[in-house]
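Computed from a prediction, not measured in an experiment: that's the story for all the values here.
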Amino acid sequence: MSPHDKFMSADDAAALIPDGATVALMGGGGGLMEATCVFQAIERRFLSTGAPRGLTAVHALGIGDKATRGMNCFAHEGLVRKVIGGHWVWSPRLQQLARDNRIEAYILPGGVSSQLFRAIGAGQPGLITHVGLGTVCDPRHGGGRMNEAARDELAEVITLDGREYLRYKPYRVDVAIVRASAADEDGHISFEHEAANLDAQAIALAARNSGGRVIVQVRERLPRGALKAREVRIPASWVDAIVVDPDQRTSYDIPFDASLSGELTGAARAAAVAESLPDEPFSERLAVARRAACELVDGVVVNYGVGVPDAVAKLVVRRGELGRIHQTIEHGTYGGSLLDGVLFGYARNASAMLDAPTQFDFYGGGGLQLAFLGFGEFDALGNVNVSKLGGLAVGPGGFIDIAQNARKVVFCGTFAAKGVQLQTGDGQMRVLRQGQVRKLVRAVEQITFSGPQALQRGQTALYLTERASFRLVDGGVELFEIAPGIDLQRDVLDQMDFAPRIAADLRVMPASHFLRDDDGFGSLTSRATRSRATA
């Protein structure tokens, strides 16, 4: 095939995918490095012709908009037979197919999935790692199977030098669909204007050395020789098809932003940082973030998860303390001001961008000192569930890789859900109405973080909420702190499905965590209390 023959329409690229193929996909939510044009062409082809059918789709992180894009393009019965997903929440329709057993549904830790792509490309006998032991990905605890239709064994327990590991099994990758910034006439690929690197190289390598095809979507076609050698992230010899989408955007809603692609330097970067200081309206979420921020120490390497933890990241920037720490996220990004919500995974004015498998290598090898992560529920043994809630496949994303490897992990979240009404802002926290859904349960629905395993590893684990703080100790969870204004029995113990240990020196959190005007958030003059219903 000549270099020019590699350039084709999205529809022609979609026609290259055979029935029954295993397709490796990439993306990070909100449109981050998502090959939207190619995804939509695959959906169009299936809806008009019924092909391709019976695909196995594999992705490490979350892809989509909870409506029509990303993995939603694949959420058609018959189009996919099997999905191995890192994070499922961006496609409610795919979650429903899994819940109804109309597809085989599995999860893998995001880092494991990315590193397994790389291992497949290297011809290795799978990925051998400690990540996932004692969790839902351990064959003894479900093996990553999320419904009854899922029967495959994705991993096995092995012993090396007297120590247990999981071997995640390799598989053939028939098609990789990659997103990048530009391709030159020869087919060399650059990520220059992307907001991350993710696992693009790894999935391309996996498909190339499996004898499969590599399809790349880019925004622009450049002349031969336009790219410097160090700008090329995927060489032309790996690439089979290139789709140029001139409407490709940094995110679903952002056409292009040099601060997100890390291209600003010097004075321009400093000015952009000053302009992008995030605001966080005062709420119980901020109160938890203030308490969590007390765990920071100078020079620590930190990871922030999605949800309440991103409020901690905002708080650090707002206080001008970003220089105290080394901030990372699993997408491969260091530093900068993290975006949240659907744009979690993006950072303005990042200081470095690695590929995701390398970032997970750093985490897995012990380089991550502190992680702030959310929780869906936790139990008496300190186990945490974020991967299956209310019977729906949610998936861990990078949660398992991060939680299992951080030397200290701080889980942050609200104490209960659905209908909670709180009043705060004057230095007190009052519960006006208790939640209908308890998050501190006797036994979690699924183990995404294992308390007993953490104790064996010597990890420190905290569980922080707006009304009480807990820590992992031998034998389970211990309550060591409550918020000012909280009734211990009525607002904490009576709202739990298990009886925690209670520290002999049970203390009260500082009132400053619950003041509306602390850190410059909210009005500097008003101390009026604030009621907020939590969905």
Run the numbers on R179 and E194 for salt bridge (charged side-chain N to carboxylate O under 4.0 Å, His left out), then give the verdict.
CA-CA 9 Å; R179 151 81 178 264; E194 297 304 307; 3.0 Å; yes
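Using a cut-off of 4.0 Å between Lys/Arg side-chain N and Asp/Glu carboxylate O, R167 and E153 are scored as not salt-bridged. Salt bridge annotation for R102-E77: present, with a cationic side-chain nitrogen under 4.0 angstrom from a carboxylate oxygen. R438 has a carboxylate O that lies under 4.0 Å from a charged side-chain N of D497, or vice versa, which qualifies the two as a salt bridge. A salt bridge is defined here as a Lys NZ or Arg NE, NH1 or NH2 lying under 4.0 Å from an Asp or Glu carboxylate O, and K314 with D340 meets this definition. For R81 and E104, the salt-bridge test passes: some basic side-chain N is under 4.0 Å from an acidic carboxylate O. With salt bridges taken as basic N to acidic carboxylate O contacts below 4.0 Å, one links R172 and D174. Salt-bridge formation is not detected for the pair D19/R53: no Lys NZ or Arg NE/NH1/NH2 atom is positioned less than 4.0 Å from an Asp or Glu carboxylate oxygen. Salt bridge status for R69 with E34: absent, with no side-chain N to carboxylate O gap under 4.0 Å. A salt bridge links R285 to D310: one of the charged nitrogens lies within less than 4.0 Å of a carboxylate oxygen. With respect to the salt-bridge test (charged N to carboxylate O, under 4.0 angstrom), the residues K6 and D240 do not qualify.
In summary, the aromatic rings of F74 and F39 are positioned with their centroids under 6.0 Å apart. Ring centroid separation for the pair F344 and H331 comes in under the 6.0 Å cut-off.
With 3.5 Å as the limit, one finds no donor-acceptor pair spanning the side chains of D138 and T135. Side chains of Q115 and D361: a donor-acceptor N/O pair is present below 3.5 angstrom, by distance only. For the 3.5 Å distance criterion, the side chains of E231 and S190 fail to qualify, holding no donor opposite an acceptor. Under the 3.5 Å distance criterion, with hydrogens and angles disregarded, no donor-acceptor pair is assigned to the side chains of Q404 and Y363. Using a 3.5 Å distance cut-off with no hydrogens or angles, the side chains of Q96 and D100 do pair a donor with an acceptor. A side-chain donor-acceptor contact under 3.5 Å links S387 and Q446. Between the side chains of S91 and K66, no donor N or O sits under 3.5 Å from an acceptor N or O. There is a side-chain donor-acceptor pair under 3.5 Å between S259 and D257. Between D355 and Q201, the side chains place no donor N or O within less than 3.5 Å of an acceptor N or O (distance only, hydrogens not considered). No hydrogens or angles considered: nothing links the side chains of Y252 and T36 as a donor-acceptor pair under 3.5 Å.
For the residue pair I402 and A371, the shortest heavy atom distance occurs at CG2-CB, 3.6 Å. A347 and T333 make their closest contact through CB-CG2, 3.8 Å (heavy atoms, listed as atom of the first residue, atom of the second, distance). Residues A176 and I203 come closest through the heavy atom pair CB-O, 3.3 Å. Smallest separation of non-hydrogen atoms from A119 and G126: CB-O, 3.7 Å. Nearest heavy atoms, A180 versus V216: CB-CG1, 4.1 Å. When all heavy atoms of H87 and V89 are compared, the closest pair comes out as CE1-CG2, 3.3 Å.
Between S450 and V384, every side-chain heavy-atom pair lies at or beyond the 4.5 Å cut-off. Contact of the Q327 side chain with the Y304 side chain is registered, since non-hydrogen atoms from C-beta on lie closer than 4.5 Å. Between W238 and I189, every side-chain heavy-atom pair lies at or beyond the 4.5 Å cut-off. The shortest distance between side-chain heavy atoms of I234 and V239 falls below 4.5 Å. Residues I84 and S113 fail the side-chain proximity criterion, which asks for heavy atoms closer than 4.5 Å.
In this structure, the side chain of R145 engages the main chain of D152 through a donor-acceptor pair within 3.5 Å. A donor-acceptor pair under 3.5 Å is formed between the side chain of Q459 and the backbone N or O of A406. Judged purely by atom type and a 3.5 angstrom limit, N383 uses its side chain to pair as donor or acceptor with the backbone of G451. Within the 3.5 Å criterion, the main-chain N or O of M8 finds no donor-acceptor partner in the side chain of D12. S337 places no side-chain N or O within 3.5 Å of a backbone atom of R348 that could act as its donor or acceptor partner. Within the 3.5 Å criterion, the main-chain N or O of A14 finds no donor-acceptor partner in the side chain of D11. Remark: the backbone N or O of G50 is not paired with any side-chain donor or acceptor of R45 at under 3.5 angstrom. Formation of a donor-acceptor pair under 3.5 Å by the Y334 side chain with backbone atoms of A350 is not found in this model. No side-chain donor-acceptor contact under 3.5 Å links R224 to the backbone of E185. Using modelled atom types, no side-chain atom of D199 and backbone atom of A202 make a donor-acceptor pair closer than 3.5 Å.
The only option from F411, Y463, F378 that meets the ring-ring contact (aromatic ring centres under 6.0 Å, His included) definition with F449 turns out to be F411.
Annotation: cation-pi pair K82/Y106 present, NZ/CZ under 6.0 Å from the ring centroid and within 45° of its normal.
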